[in-house]
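Just below is one structure, and these are the notes that go with it.
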Amino acid sequence: KWQLPSDPHRSFCYEMLQKVSRSFAVVIQQLGPNLRDAVCVFYLVLRGLDTVEDDMSIPLDTKVPILKAFHETIYDPAWRFVCGEKDYKVLMDQFHHVSTTFLNLDKKFQDVIAEITQRMGNGMAKFIVTEVETIEDYNEYCHYVAGLVGIGLSRLFHASGLEDLATDSLSNSMGLFLQKTNIIRDYLEDINEEPAPRMFWPHEIWGKYSARLADFKEEKKSDVSLACLNDMITNALEHAIDSLQYMSALRDGAIFRFCAIPQIMAIATLAACYNNIQVFRGVVKIRRGLAAKIVLETSSMKDVYSTFYDFSNMLTAKIDKQDPSSSTTMKHVENILSTCRASG
Ligand SMILES: CC(C)(C)CN1C(=O)[C@@H](CC(=O)N[C@@H](CC(=O)O)C(=O)O)O[C@H](c2cccc3ccccc23)c2cc(Cl)ccc21
């Protein structure tokens, strides 16, 4: 494959990407070189923000300023993250490779990455000290950590000249569909976090089923756990129609595959998690063989419609009329099925 003259900082970024997310590193290779570098840097900058946000060993009065200043930090290759308590993750020790590569990007890409980083850093800082209480809080938090990623990617795709600019609303939904799926799938991993779990399940939903979010781990609570799980999944399914609409507007094959693969993993994960008590016993991951099949066989909207259709049918088959959310779940799934039939 034709490679740009080797630049050690850029090569390091791709090696780091391989480490933090193998499947993502594979999918990103399909993008053209300029856009690929911009998305690689964008991913690593976001990963840097995420690492700081998630690190419970960093005191609040240190963490908040770092999050808020991160959009300036990325311009400073001299910046080193020094946090006494622990030898910091490779990503932060070697972050100067990311900022150096960032500074070599076309300015139009830099501007997008810097703006999104600033908005995300401020949003994360807000939610460090705010609980996710209402469904509105839940949508706002997911907007900051994932919706903005969609908005940023849409702007990078447009800046590359390969795509028209998608609306912020559809771009936001692309992120929310992925993030809400992750939050649902990772319940047990998150609630068992030491020293203190950070949970993003909105009290407005789980409060209908139990007094404590941790109760859903208990064997004897399985009926209310499933009712809550199905309610959360029904909420996530609201974004599927926007996701299909966003993807159907994409023109470039590589960008399409880059966007479609995580969305299909998400609908497959939601179908696997629906009414599945295993979510509260372990992490429900779709089988590697199925994931590999999705990566290999997704190349057109026809593939996306037929996959969304199949997983929506799978989910429908699991709906129990006794489930409190069942009529709303049916409505959302019917909506997806008819969209796939009409366009597929
Ligand atoms: C929080 C998140 C969903 C945005 C994270 N996120 C994604 O999940 C990655 C996929 C990924 O990293 N998956 C993990 C597995 C996992 O985490 O479960 C993997 O190791 O493959 O994809 C997204 C992503 C890819 C393509 C289009 C997108 C449009 C809107 C929003 C996000 C989009 C992503 C793109 C960028 Cl640039 C940055 C981050 C992400």
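Note: hydrogens, waters and symmetry copies are ignored here, and every other heavy atom, side chains too, is used. First listed ligand is number 1; within each ligand, the first listed atom is number 1. Numbers here simply count residues along the sequence, with the first being 1. Since this is a predicted model, take the numbers as computed values, not measurements.
Of the polar atoms of Gln263, none of the N or O atoms is found under 3.5 Å from an N or O of ligand 1, judged by distance alone. Checked by distance only, ligand 1 and Ser21 come closer than 3.5 Å through their nitrogen or oxygen atoms.
Looking at residues two or more places apart in sequence or on another chain, you find a side-chain hydrogen bond (donor to acceptor under 3.5 Å, both in side chains) between Asn172 and His143.
Between Phe200 and Tyr138, the distance from one ring center to the other does not fall under 6.0 angstrom. Here Phe70 and Phe95 bring their ring centres to under 6.0 angstrom of each other.
Protein heavy atom nearest atom 32 (C) of ligand 1, with residue, atom name and distance: Leu178 CD1, 3.6 Å.
Each of Phe102, Phe258, Phe24 was checked for a ring pair (Phe, Tyr, Trp, His ring centres under 6.0 Å) with Tyr43, and the lone residue meeting it is Phe24.
By the criterion of a heavy-atom distance under 4.0 Å, the side chain of Arg185, and not its backbone, is placed next to ligand 1. Only the side chain of Leu153 comes within contact range of ligand 1, with a heavy atom under 4.0 Å; no backbone atom does.
Not a single protein heavy atom sits closer than 4.0 Å to atom 6 (N) of ligand 1.
With ligand atoms numbered from 1 in the order given, ligand 1 contributes 38 (C) to contacts under 4.0 Å with heavy atoms of Leu46.
A salt bridge links Glu219 with Arg281: at least one charged nitrogen is closer than 4.0 Å to a carboxylate oxygen.
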